[in-house]
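What follows is a single structure, written as structure tokens, with notes after it.
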Amino acid sequence: FLAATKLFEEGKYAEAQKAFETFNLAHPDSPLGGPATYGVAGALDAQDKTAEALAAYARFLSGFATDSLAGPARLAKALVHESLKQHREALALLDVAARDATSAAGQEASSRRASLRQAHPELAPATTTAPAVKP
């Protein structure tokens, strides 16, 4: 795991991806399984393999939804969607990530959500108006 992390930090993303995957295969019950799965997603994202990164973030979130990295994973996945001009998908993830207003990821998600809504007013929640009451 540490070797994979070091590879990632050195910008050797393809090697880091393989190392994280190898770690998960060799240690399926490790408490570091969540971070390693997140590492795979981050490495794919850094390689601009957007479809694979989205799938890897989804795998992480489905298996480790309560992990401390869930907020950063939602934020990262939202940024991939945003880069693909998939604004509704990005906004849905940002809405969830922003619920943790005390974390850095939550605060960034809140800020990005506001910017996304400002840039794309069509994403604002539909407002309903009450019917006019006749006197």
Side-chain angles (χ1 to χ4, degrees):
F1 180 82
L2 293 176
T5 301
K6 184 169 175 39
L7 288 167
F8 188 92
E9 290 169 351
E10 293 172 352
K12 298 176 182 175
Y13 303 120
E15 293 174 53
Q17 174 195 341
K18 297 287 186 213
F20 282 126
E21 291 169 343
T22 300
F23 176 85
N24 272 342
L25 287 172
H27 308 284
D29 297 324
S30 171
L32 295 174
T37 302
Y38 180 72
V40 170
L44 288 164
D45 194 356
Q47 295 173 76
D48 291 324
K49 296 182 176 181
T50 55
E52 295 95 332
L54 287 173
Y57 284 126
R59 277 192 303 280
F60 172 81
L61 289 168
S62 71
F64 304 95
T66 60
D67 190 282
S68 63
L69 292 170
R74 284 185 187 94
L75 175 61
K77 187 177 180 190
L79 295 178
V80 174
H81 278 298
E82 195 173 348
S83 75
L84 296 171
K85 308 284 189 242
Q86 298 170 342
H87 303 299
R88 289 192 191 287
E89 293 85 346
L91 187 59
L93 287 159
L94 293 171
D95 284 343
V96 175
R99 290 181 192 154
D100 183 7
T102 61
S103 73
Q107 292 170 4
E108 184 174 347
S110 181
S111 174
R112 293 197 71 86
R113 179 180 62 180
S115 296
L116 187 60
R117 283 192 174 144
Q118 184 176 13
H120 298 278
E122 72 277 9
L123 298 175
T127 56
T128 56
T129 54
V133 178
K134 293 183 180 181

Original post:
Taking only residues two or more places apart in sequence, or in another chain, which ones meet K18 in a side-chain contact (heavy atoms from CB on, under 4.5 Å)?
Top reply: E21
Original post:
Under the side chain to side chain donor-acceptor pair (under 3.5 Å) test, which residues partner D48, sequence neighbours left out?
Top reply: none
**OP:** Give the C-alpha distance, both sets of side-chain angles, the deciding distance and a yes or no for side chain to side chain contact (heavy atoms under 4.5 Å, CB included) between T5 and L7.
**Re:** CA-CA 5 Å; T5 301; L7 288 167; over 6 Å; no
Original post:
Can you name the side-chain contact (heavy atoms from CB on, under 4.5 Å) partners of E89, sequence neighbours left out?
Top reply: H81, Q86
Subject >> For E82, all residues meeting salt bridge (Lys or Arg N to Asp or Glu O under 4.0 Å), sequence neighbours excluded >> reply: R112
Subject >> Polar side-chain atom of S110 near backbone of Q107 as donor-acceptor pair, under 3.5 Å >> reply: no
**OP:** Could you tell me whether a side-chain N or O of E52 sits under 3.5 Å from a main-chain N or O of L44, the two making a donor and an acceptor?
**Re:** no
Under 3.5 Å, which donor-acceptor pairs link side chains of residues 32-43 to any protein atom two or more places apart or in another chain?
residue, atom, partner, partner atom, Å
T37, OG1, N24, ND2, 3.0
T37, OG1, G33, O, 2.7

Subject >> Residue list, ring-ring contact (aromatic ring centres under 6.0 Å, His included) with Y13, at least two apart or on another chain >> reply: F8
Counting only pairs under 3.5 Å, give me each side-chain donor-acceptor contact of residues 55-65, with atom names and distances, residues two or more places apart or in other chains.
residue, atom, partner, partner atom, Å
Y57, OH, D45, OD2, 3.0
S62, OG, A58, O, 3.4
S62, OG, R59, O, 3.0

Subject >> Point-to-point distance, once rounded to the nearest 0.5 Å, from CG of L84 to OG1 of T50 >> reply: 4.5 Å
Original post:
How far does CG of L69 sit from CZ of R74, to the nearest 0.5 angstrom?
Top reply: 11.0 Å
Subject >> Pairs flagged by salt bridge (charged side-chain N to carboxylate O under 4.0 Å, His left out) wherever residues 4-14 is involved - sequence neighbours left out >> reply: K6-E10, E10-K12
Original post:
Stepwise, does the side chain to side chain contact (heavy atoms under 4.5 Å, CB included) test hold for S30 with F23?
Top reply: CA-CA 9 Å; S30 171; F23 176 85; 3.5 Å; yes
**OP:** For S115 and S111, indicate whether the former's side chain and the latter's backbone hold a donor-acceptor pair under 3.5 Å.
**Re:** yes
**OP:** State which residues pass side-chain contact (heavy atoms from CB on, under 4.5 Å) with D95; sequence neighbours excluded, sorted by chain then number.
**Re:** L91, R113, R117
Original post:
For E122, which residues count as a salt bridge (Lys or Arg N to Asp or Glu O under 4.0 Å) partner, sequence neighbours excluded?
Top reply: none
Subject >> Shortest non-hydrogen separation from G106 to S103 and the atoms involved >> reply: N-OG, 2.9 Å
Subject >> Residues forming a side-chain contact (heavy atoms from CB on, under 4.5 Å) with A109, sequence neighbours excluded >> reply: L75, L94, A97, A98
Original post:
Applying ring pair (Phe, Tyr, Trp, His ring centres under 6.0 Å), which residue pairs with at least one partner in residues 85-125 are found, sequence neighbours left out?
Top reply: H87-H120
